[in-house]
Structures are given as C-alpha cells and as structure tokens.
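First comes the structure, then the notes that go with it.
What's counted below: heavy atoms across the whole structure, side chains too, no hydrogens, waters or symmetry copies. Values in this document were obtained by computation on a predicted structure and should not be read as measured data.
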Amino acid sequence: MASSIKTETVDLKVSDGSSSMRAYVARPQKNLGLGLMVVQEAFGVNKHMREITERFAQAGYLAISPELFHRSAPPGFEIAYDKFEEVMPHIQAVTAPGIEADMKAAFNWLKENACEKVASIGYCLGGRVSFMANSFLPLKAAISYYGGRIAPDLLPLAKKQNGPLLFFWGGQDKHIGTSQPRAIADELLKENKTFTDVLISNADHGFSNNDKSVFNAKAEAQAWTLTLKFLEDSFA
C-alpha cells in the first residue's frame, strides 16, 4: 500500500433493514470527486480485493469495496480459493433486491463523501453485480471482469444500462465460454448501448488475480491499462 493513500473499514446502513454492511475503503491523497465501487469475487473482500481497492485509490479514485455476504456471514468474511463449496451458501443467499440495496448504500456513501461522479467495477460475481448496478444507479461507467451468467439471467437489464460498459473475457474460460459474451453483446447492440468488449484469447477465468494459478501477468497489465483509460474517458 502506498503511503499516499489511507485505508479503513466503514459500516453502511442498508435500506432493506438487514444487518449493517462493512466495506473496505481506500482514500486517495486528494479527493478529486471521483468514486469507484469495487465489487468482490465470490471469496469475500479478501487480500486481493483490498489490494485492488488500494490500487484504484493510488490512481486517484475514492474506492469502496462492500461485503456482499453480510446477510449470511460475519464482517470480514473471506474464504480460501480451494473452498468454493463453502462459498455456495453465501452466493445463494445473495438476491437481486439485496444487491440493489447494497450497491445503493455504497453509492450513497461515495456521494456523501464528495464524489460527484461514480463508476463500478467487479470481478466474477462482482462483474455480474456491476452490470446490475448500472441498471439502477446513474453510473458514469460499469466494468465487468469475467462476470458470470449476465447472459441469460440479466439480459432484460440491457435496455436499462446507464453508463458505458467495459467487459473483459478470457478465451480459455470454460466457466463462461463464448456464448455468454456474444449474447450480451448482441443484446446491448440491439438496445443501442455503448460498450467495449475485450476477449483475451489466452487468458482464463480470474486472469487478473495474482493470487491464483490462472494469473496471466500480460493480460492483467493490458486490462489494467485499458481499465484506467476507460474510467478516465468516462469521467471526463
């Protein structure tokens, strides 16, 4: 973590009356009025997600990563990557109304902290959530890294997308395959939405996670550069 940023955890009130939601926050040296919601993978707001949140703060964004499993797990919950079966009950406890309440809470916190412009980025589960959030929040941009089952589950939300979208997919991703990204692109084109679709042919699901065996350093570096440029353009 760079000395120029500050990190903390905050507890957010959620409108559905559920338990308060903890979130990890990284503050840039100077608040430029640019907020970013950084949405977790399925394994919680773990070391990797906290580091990503910090990297965005280093890039000048006030970044917040909410704990989406707060209804089914204690604050600070995270789980090892090889324990996916233990994550499933928490994933199954996540609902669309709950996601809406959680993301609105994070969005409102950014607004209350002088962020005039807000975007969302998510990874795997979080990529799906980022797409959802862009349908009910006035986001400047939404970014999804290998978001699962946006197609077919969330295609009806294509018409409701607000900010421009950026998608990253791995050509070696057997979890998502090629049909889901194509279906999403087709639906967004039909709805005349602005989006950028990036397929990295030799990358797998989770390619940007440097704590996993599928990490692809070149793919991650390319995606990071494009992500920052996309945010810069969208916030302009």
Side-chain angles (χ1 to χ4, degrees), residues 16 37-44 49 65-66 68-69 71-72 81 84-104 106-107 119-209 212 214 216 219 223 226-227 230 234:
D16 65 359
M37 299 182 290
V38 183
V39 193
Q40 66 175 71
E41 296 177 320
F43 303 94
M49 294 308 307
S65 185
L68 300 184
F69 295 157
R71 293 173 182 82
S72 60
Y81 293 121
F84 188 74
E85 69 282 356
E86 297 181 23
V87 173
M88 285 306 298
H90 302 288
I91 294 175
Q92 291 165 355
V94 173
T95 65
I99 287 296
E100 183 166 351
D102 293 349
M103 295 302 285
K104 285 182 176 178
F107 178 87
S120 177
I121 184 169
Y123 302 80
C124 187
L125 168 66
R128 175 186 172 94
V129 171
S130 188
F131 184 86
M132 295 172 69
N134 198 40
S135 73
F136 56 75
L137 289 171
L139 301 182
K140 293 299 182 182
I143 303 172
S144 171
Y145 276 64
Y146 31 84
R149 293 194 62 82
I150 294 173
D153 299 356
L154 305 179
L155 290 184
L157 299 181
K159 66 173 70 71
K160 299 181 179 180
Q161 294 298 300
N162 292 311
L165 299 119
L166 173 60
F167 298 95
F168 290 103
W169 312 103
Q172 305 302 311
D173 188 341
K174 301 299 190 296
H175 300 280
I176 291 176
T178 58
S179 61
Q180 291 185 42
R182 288 173 182 166
I184 297 164
D186 287 346
E187 195 68 18
L188 291 170
L189 285 169
K190 186 179 78 173
E191 299 295 342
N192 197 31
K193 297 298 182 179
T194 300
F195 70 99
T196 300
D197 216 16
V198 180
L199 173 67
I200 302 177
S201 65
N202 63 335
D204 205 340
H205 190 86
F207 71 80
S208 72
N209 189 331
K212 300 181 75 173
V214 294
N216 184 318
L226 181 53
T227 294
F230 186 81
S234 298

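Partners of Ile91 by side-chain contact (heavy atoms from CB on, under 4.5 Å), not counting sequence neighbours, listed by chain and number: Ala42, Phe69, Phe84, Val87, Met88. With sequence neighbours left out, Tyr81 forms a ring pair (Phe, Tyr, Trp, His ring centres under 6.0 Å) with Phe43.
Between Lys160 and Asn134 the shortest side-chain heavy-atom distance does not fall below 4.5 Å. Using a 4.5 Å heavy-atom cutoff, the side chains of Asn202 and Asn216 are in contact. Looking only at side-chain heavy atoms (C-beta outward), Ile200 and Trp169 stay at 4.5 Å or farther from each other.
Between Cys124 and His205, the closest heavy-atom pair is SG-NE2, 3.3 Å. Contact detail for Gly122 and Ser130: the closest heavy-atom pair is N-CB, 4.0 Å. Residues Pro164 and Lys140 come closest through the heavy atom pair CD-O, 3.1 Å. Across Ala183 and Leu155, no two heavy atoms sit closer than the pair O-CD2, 4.0 Å. Scanning both residues, Gly170 and Leu199, for their nearest heavy atoms gives C-CD1, 3.8 Å. Considering every non-hydrogen atom in both Ala151 and Ile184, the closest pair reads CB-CG1, 3.8 Å.
At least one donor-acceptor pair closer than 3.5 Å links the side chain of Ser234 to the backbone N or O of Phe230. A donor-acceptor pair under 3.5 Å is formed between the side chain of Lys193 and the backbone N or O of Lys159. Judged by distance alone, the side chain of Gln161 and the main-chain N or O of Phe131 form a donor-acceptor pair under 3.5 Å. A donor-acceptor pair under 3.5 Å is formed between the side chain of Asn162 and the backbone N or O of Leu137. Side-chain atoms of Gln40 come within 3.5 Å of backbone atoms of Leu68 as a donor-acceptor pair (strictly under, hydrogens ignored). With hydrogens and angles ignored, the 3.5 Å screen pairs a side-chain donor or acceptor of Gln172 with a backbone N or O of Ser201.
Atom CG of Leu125 is separated from atom CD of Glu41 by 9.0 Å, given to the nearest 0.5 angstrom. Taking CG of Leu165 as the reference point, atom OG1 of Thr196 lies at 9.0 Å (rounded to 0.5 Å). With values rounded to the nearest 0.5 angstrom, Leu188 atom CG is found 9.5 Å from Thr194 atom OG1. With values rounded to the nearest 0.5 angstrom, Met37 atom CE is found 11.5 Å from Ile143 atom CD1.
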Kindly determine whether Val198 and Leu166 satisfy side chain to side chain contact (heavy atoms under 4.5 Å, CB included), including the steps that lead there.
CA-CA 8 Å; Val198 180; Leu166 173 60; 4.1 Å; yes
Go through the steps for Leu154 and Arg149 under the test side chain to side chain contact (heavy atoms under 4.5 Å, CB included), then give the verdict.
CA-CA 7 Å; Leu154 305 179; Arg149 293 194 62 82; over 6 Å; no
Step by step, work out the side chain to side chain contact (heavy atoms under 4.5 Å, CB included) result for Val39 and Ser120.
CA-CA 7 Å; Val39 193; Ser120 177; 3.9 Å; yes
Asn209 vs Tyr123, test: side chain to side chain contact (heavy atoms under 4.5 Å, CB included). Steps then yes/no.
CA-CA 9 Å; Asn209 189 331; Tyr123 302 80; over 6 Å; no
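Under the 4.0 Å criterion applied to side-chain N and carboxylate O atoms, Lys174 and Asp204 are not assigned as salt-bridge partners.
Aromatic ring orientation, Phe167 versus Phe195: perpendicular (interplanar angle above 60°, classes split at 30° and 60°). Using cut-offs of 30° and 60° on the angle between ring planes, the pair Phe207 and Tyr146 is perpendicular.
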Show me the donor-acceptor pairs within less than 3.5 Å that the side chains of residues 96-103 make with the rest of the protein, sequence neighbours left out.
residue: Glu100; atom: OE2; partner: Lys104; partner atom: NZ; Å: 2.8
residue: Asp102; atom: OD1; partner: His70; partner atom: NE2; Å: 2.9
residue: Asp102; atom: OD1; partner: Arg71; partner atom: NH1; Å: 3.3
residue: Asp102; atom: OD1; partner: Arg71; partner atom: NH2; Å: 3.0
residue: Asp102; atom: OD2; partner: His70; partner atom: NE2; Å: 3.4
residue: Asp102; atom: OD2; partner: Arg71; partner atom: NH1; Å: 2.9

